[in-house]
Amino acid sequence: MRTLIVILTFCACWLNANAQLHFIPADSIVTWDSDVANLRNTALEASAHLTPQYISADFSQEKMLQTSWEKEVGKHNMNPFAIANRFTLAAKLLTLTADAKYALEIEQLIYKALLQQASTPTLSAEKVTAAQTLLNAVGTMLATQGDTLYLNYYANSTATIPTSKGSLQLDIVTGMPFHERVKFRFARMTQPKGMQVTICLRLPEGAWNDTSFPIYCNGHDTPYHIEKGYAVITNIWRPGFEIYFDLPEPLLRLE
């Protein structure tokens, strides 16, 4: 019996390690900034007829995607068409590997290039490509793997997230990309007494292997462990529970 339990435990861990992430679709996420940091509004202001494209991948593609991504990153090509390709490669690799470095790549593309390119005054193929990529990016903010929730990057938004235990509504409250504070609030749940969910928060670059980076749950400094650049916290979350942390510095400076 003990041998059977060990085998079942090993199989369960192996299946989880090889399970693919599934992005929360952009249509399940409401963004609510009032400026250019509202990714969805900025994209639709560039071209009102765009619709978000859902991104997924297959494990048989992983080696090819990795090779293509490394080639694109090495070129340092920042035109909108190259960026759209880099974004798609990073997003697909993120679903297959659950590695935070690909989420960091997406965040950098959004705030260092896509927002600016989608906001240019002249309508062009480059502007529409940047806007479409920005709209697609909304659908990569959050991902699930069973009852584990991945928070890949942070913008003011509200998302409805399904789990095997029911759905929950998560509010992301932040001054990003201009300010450092990031807060997550569990707003509503189909189980008002709470749900046990594992939360994976993408840590800032440079803190990926340092558990001294402070993360607070309901005002208390909370222990966590790190997996592939994510701070992992398992808890029974209830409506009104909050998580927050302060990034070392803002992504963009107010001029």
Side-chain angles (χ1 to χ4, degrees), residues 16 19-34 37-41 52 54 94-95 98 100 103-104 106-107 110 137-204 207-208 211 213-247 251:
N16 185 62
Q20 184 174 350
L21 301 191
H22 297 279
F23 289 127
I24 301 300
D27 288 340
S28 297
I29 301 172
V30 178
T31 55
W32 39 272
D33 269 307
S34 59
N38 189 321
L39 309 184
R40 183 192 302 273
N41 283 5
Y54 184 77
L94 179 57
T95 69
L104 174 66
I106 292 171
E107 182 183 71
I110 289 169
V138 176
T140 63
M141 287 179 61
L142 307 168
T144 58
Q145 184 189 68
D147 289 332
T148 299
L149 172 60
Y150 286 78
L151 288 81
N152 296 316
Y153 53 93
Y154 314 117
N156 278 325
S157 56
T158 296
T160 301
I161 301 165
T163 75
S164 65
K165 301 178 179 70
S167 65
L168 61 89
Q169 179 181 309
L170 184 71
D171 296 335
I172 302 177
V173 185
T174 179
M176 289 276 285
F178 303 113
H179 301 284
E180 298 90 339
R181 174 63 54 91
V182 181
K183 179 184 289 186
F184 311 95
R185 180 184 300 122
F186 293 87
R188 295 191 186 93
M189 297 179 177
T190 53
Q191 296 188 26
K193 292 185 178 180
M195 298 167 58
Q196 181 169 307
V197 176
T198 297
I199 304 294
C200 298
L201 306 171
R202 204 206 86 221
L203 291 172
W208 287 5
T211 54
F213 181 81
I215 298 176
Y216 301 91
C217 296
N218 296 330
H220 299 284
D221 195 348
T222 300
Y224 58 88
H225 70 278
I226 295 173
E227 293 180 11
K228 295 184 178 181
Y230 289 93
V232 181
I233 304 170
T234 300
N235 193 13
I236 297 176
W237 308 100
R238 296 182 173 86
F241 276 29
E242 293 184 341
I243 309 170
Y244 74 88
F245 57 83
D246 291 313
L247 296 168
L251 284 169

Once you round to the nearest 0.5 Å, how far does CD1 of Ile243 lie from CH2 of Trp237? 3.5 Å
Determine, stepwise, if the pair Ile172 / Leu142 fulfils side chain to side chain contact (heavy atoms under 4.5 Å, CB included). CA-CA 11 Å; Ile172 302 177; Leu142 307 168; 4.2 Å; yes
Are any of the side-chain heavy atoms of Val173 and Trp32 separated by less than 4.5 Å? yes
Decide yes or no for Arg181 and Tyr154: does some side-chain heavy atom of the first lie under 4.5 Å from some side-chain heavy atom of the second? no
Where is the tightest heavy-atom contact between Pro162 and Thr144, given as atom of each residue plus distance? O-CG2, 4.3 Å
With a 3.5 Å distance limit and no angle check, can you tell me whether Asn156 reaches the backbone of Asn38 through a side-chain donor-acceptor pair? no
Give a yes or no answer on whether the side chain of Arg202 reaches the backbone of Asn152 with a donor-acceptor pair at less than 3.5 Å. yes
So which heavy atom on Ile29 is nearest to which on Ser157, and how close? CG2-CB, 3.9 Å
Exactly one of Met189, Lys193, Met195 should register a side chain to side chain contact (heavy atoms under 4.5 Å, CB included) with Pro239. Which one does? Met189
Please test Phe241 against Ile236 for side chain to side chain contact (heavy atoms under 4.5 Å, CB included), starting from the C-alpha separation and ending with a verdict. CA-CA 10 Å; Phe241 276 29; Ile236 297 176; over 6 Å; no
Other residues, nucleotides, ligands: >12 heavy atoms within 6.0 Å of Arg188 CZ: no
Show the nearest heavy-atom pair for residues Thr190 and Gly166, with the distance to one decimal. OG1-CA, 3.2 Å
State the CD1-CG distance between Ile199 and Leu151, to the nearest 0.5 angstrom. 6.0 Å
Those residues at least two apart in sequence (or on a different chain) that pass side-chain hydrogen bond (donor to acceptor under 3.5 Å, both in side chains) with Thr211 are none
What are the two closest non-hydrogen atoms of Tyr153 and Ala103, and how far apart are they? CD2-O, 4.5 Å
Plane angle bin for Tyr244 and Tyr216 - parallel if under 30°, tilted between 30 and 60°, otherwise perpendicular: parallel
Nearest heavy-atom neighbours spanning Pro52 and Asp27: CG-OD1, 3.6 Å
Would a 4.5 Å heavy-atom cut-off, applied to side chains only, mark Leu170 and Leu168 as touching? yes
Hey, is the main chain of His220 close enough, under 3.5 Å, to the side chain of Thr222 for a donor-acceptor pair? yes
Might you work through the side chain to side chain contact (heavy atoms under 4.5 Å, CB included) test for Ile24 and Met141, ending with a clear yes or no? CA-CA 8 Å; Ile24 301 300; Met141 287 179 61; over 6 Å; no
Are the side chains of Lys165 and Asp147 in touch, meaning some heavy atoms are under 4.5 Å apart? yes
Measure the OG1-CD distance between Thr163 and Gln191 for me, rounded to the nearest 0.5 Å. 7.5 Å
Which distance, rounded to the nearest 0.5 Å, do you find between the CG of Leu203 and the OH of Tyr224? 5.5 Å
Would you give the length of the straight line joining atom CZ of Arg185 to atom OG1 of Thr158, rounded to the nearest 0.5 angstrom? 9.0 Å
Residues that Tyr230 engages under ring pair (Phe, Tyr, Trp, His ring centres under 6.0 Å), provided they are two or more places apart: Tyr150
How long is the span from the CZ atom in Phe245 to the OG1 atom in Thr174, to the nearest 0.5 Å? 8.0 Å
Evaluate the criterion side chain to side chain contact (heavy atoms under 4.5 Å, CB included) for residue pair Leu149 and Ile161; output intermediate values, then yes/no. CA-CA 9 Å; Leu149 172 60; Ile161 301 165; 3.7 Å; yes
So, Glu227 and His225: side-chain donor and acceptor under 3.5 Å apart, yes or no? yes
